[in-house]
Amino acid sequence: MNKFNYKTCIGEIWIAEENNKIVHVAFSEINGIKNETPLIIETFKQLNEYFIGERTNFNVPLSLDGTLFQTKVWNELMKIPYGQIVSYKYIAEKIGNPNASRAVGLANNKNKIAIIVPCHRVIGSNKKLVGYAGGLDIKKYLINLEQKYKK
């Protein structure tokens, strides 16, 4: 697995690829060989465009490696429109398992592709920010960023 790290407006981000697919976008160092590949460079370019409000969707190949339930959750996350937030309960209902809010939260916690698989767009049904790998400050920043640039 190839990885490379970059400084961004929200701090350091690590991007990794394997077999020509992005496998990680993380806020802390990940395992792999430090090697800046064309796909990693393209992913960083798209993330920068996102950070300045020029990109609302990503188009890099992803490898979502998880259980069937986790991949259902992550695929549903990618359907949440830019600038919108939903609850864990909403995602549980969308995947046909309305009593699985907590399990949806656990699947979000296992999401290895931050920002691109937008688990930051999911909040508690009480409208409170809960859990984010990069910390709640970054989650709030990303939500506010999308609100600012939402068309």
Side-chain angles (χ1 to χ4, degrees), residues 1-32 34-66 70-95 101 104-151:
M1 178 169 54
N2 293 301
K3 68 176 182 180
F4 206 80
N5 64 307
Y6 301 92
K7 301 279 187 223
T8 73
C9 60
I10 59 171
E12 188 172 58
I13 288 184
W14 288 82
I15 302 170
E17 78 151 281
E18 193 168 43
N19 299 320
N20 295 312
K21 292 184 178 179
I22 295 300
V23 293
H24 287 282
V25 173
F27 300 106
S28 59
E29 187 168 359
I30 48 184
N31 293 327
K34 195 160 185 184
N35 180 31
E36 191 177 36
T37 67
L39 179 56
I40 290 173
I41 292 168
E42 176 61 23
T43 302
F44 179 61
K45 175 182 165 278
Q46 289 188 26
L47 284 166
N48 272 331
E49 292 167 351
Y50 167 84
F51 290 135
I52 60 173
E54 292 181 357
R55 176 174 291 277
T56 59
N57 293 300
F58 296 91
N59 61 359
V60 292
L62 305 177
S63 176
L64 301 175
D65 183 27
Q70 289 168 340
T71 55
K72 281 171 98 174
V73 169
W74 300 333
N75 282 312
E76 196 60 42
L77 295 177
M78 289 189 286
K79 295 176 187 174
I80 304 169
Y82 178 91
Q84 289 190 17
I85 53 174
V86 300
S87 69
Y88 294 97
K89 181 175 176 51
Y90 173 87
I91 297 296
E93 290 169 350
K94 292 300 272 182
I95 64 168
S101 298
V104 167
L106 292 172
N108 274 12
N109 185 47
K110 298 291 185 192
N111 174 20
K112 295 177 186 171
I113 306 177
I115 304 169
I116 295 173
V117 177
C119 57
H120 63 275
R121 296 181 188 153
V122 185
I123 63 171
S125 48
N126 59 2
K127 307 269 192 254
K128 292 195 180 196
L129 299 183
V130 287
Y132 190 65
L136 292 182
D137 287 344
I138 291 177
K139 185 172 187 166
K140 184 176 184 178
Y141 180 90
L142 296 172
I143 289 170
N144 289 339
L145 174 91
E146 292 186 12
Q147 292 301 308
K148 177 180 176 182
Y149 292 116
K150 182 169 72 170
K151 295 185 175 47

**Request:** Answer yes or no: is there a donor N or O on one side and an acceptor on the other, between the side chain of Lys139 and the main chain of Val122, under 3.5 Å?
**Result:** yes
**Message:** Just verifying a value: how many Å separate Thr43 OG1 and Ile113 CD1, rounded to the nearest 0.5 Å?
**Reply:** 9.5 Å
**Message:** Taking ring-ring contact (aromatic ring centres under 6.0 Å, His included) as the criterion, tell me which of Phe51, Phe44, Phe27 meets it with Tyr6.
**Reply:** Phe44
**Message:** Using side-chain heavy atoms (C-beta onward) and a distance below 4.5 Å, is Glu76 in contact with Val86?
**Reply:** no
**Item:** Least distance between heavy atoms, Ala92 atom then Ser101 atom
**Value:** CB-N, 3.8 Å
**Request:** Heavy atoms only: give me the nearest Glu36-Ile41 pair and the separation to one decimal.
**Result:** CG-CG1, 3.4 Å
**Asked** When rounded to the nearest 0.5 angstrom, what distance separates NZ in Lys112 from CD1 in Ile30?
**Response** 10.0 Å
**Request:** Count the heavy atoms of every other residue, nucleotide or ligand shown that sit under 6.0 Å from CG of Asn5, and state whether that count exceeds 12.
**Result:** yes
**Asked** Can you find a pair of side-chain heavy atoms, one from Ile91 and one from Ile80, that are under 4.5 Å apart?
**Response** yes
**Item:** Point-to-point distance, once rounded to the nearest 0.5 Å, from CH2 of Trp14 to NZ of Lys34
**Value:** 4.5 Å
**Request:** Check His120 against Ile115 and note the closest heavy-atom contact, atom names and distance.
**Result:** CE1-O, 3.8 Å
**Message:** Return the CG to CD distance between Asn108 and Gln70, rounded to the nearest 0.5 Å.
**Reply:** 10.0 Å
**Request:** Supply the atom-to-atom distance Glu18 CD to Asn2 CG, rounded to the nearest 0.5 angstrom.
**Result:** 9.0 Å
**Message:** For the residue pair Lys3 / Asn31, report whether a side-chain donor-acceptor contact shorter than 3.5 Å exists.
**Reply:** no
**Prompt:** With distance as the sole test, does Asn75 use its side chain to make a donor-acceptor pair with the main-chain N or O of Thr71 at under 3.5 Å?
**Reply:** yes
**Prompt:** Does a side-chain heavy-atom distance below 4.5 Å link Leu77 with Arg121?
**Reply:** no
**Message:** For a 4.5 angstrom cut-off between non-hydrogen side-chain atoms, does Lys21 reach Leu62?
**Reply:** no
**Message:** Are there over 12 heavy-atom neighbours, none belonging to Tyr149, within less than 6.0 Å of that residue's OH?
**Reply:** yes
**Message:** Among Lys45, Arg55, Glu146, which residue satisfies the side chain to side chain donor-acceptor pair (under 3.5 Å) criterion with Tyr50?
**Reply:** Glu146
**Prompt:** Tell me, do Ile15 and Leu47 make a side-chain contact under 4.5 Å, heavy atoms counted?
**Reply:** yes
**Asked** Backbone N or O of Gly83 within a donor-acceptor pair of the Gln147 side chain at under 3.5 Å?
**Response** yes
**Request:** Kindly give the heavy-atom pair with the smallest separation between Pro61 and Leu39, and that separation in Å.
**Result:** CD-CD1, 3.8 Å
**Prompt:** Are side-chain heavy atoms of Trp74 and Lys110 found at a separation under 4.5 Å?
**Reply:** yes
**Asked** When rounded to the nearest 0.5 angstrom, what is the spacing between CD1 in Ile116 and CD in Gln46?
**Response** 7.0 Å
**Asked** Crowded around Asp137 CG? As in, over 12 foreign heavy atoms under 6.0 Å?
**Response** no
**Asked** Side-chain contact, heavy-atom cut-off 4.5 Å: Cys119 with Val73?
**Response** no
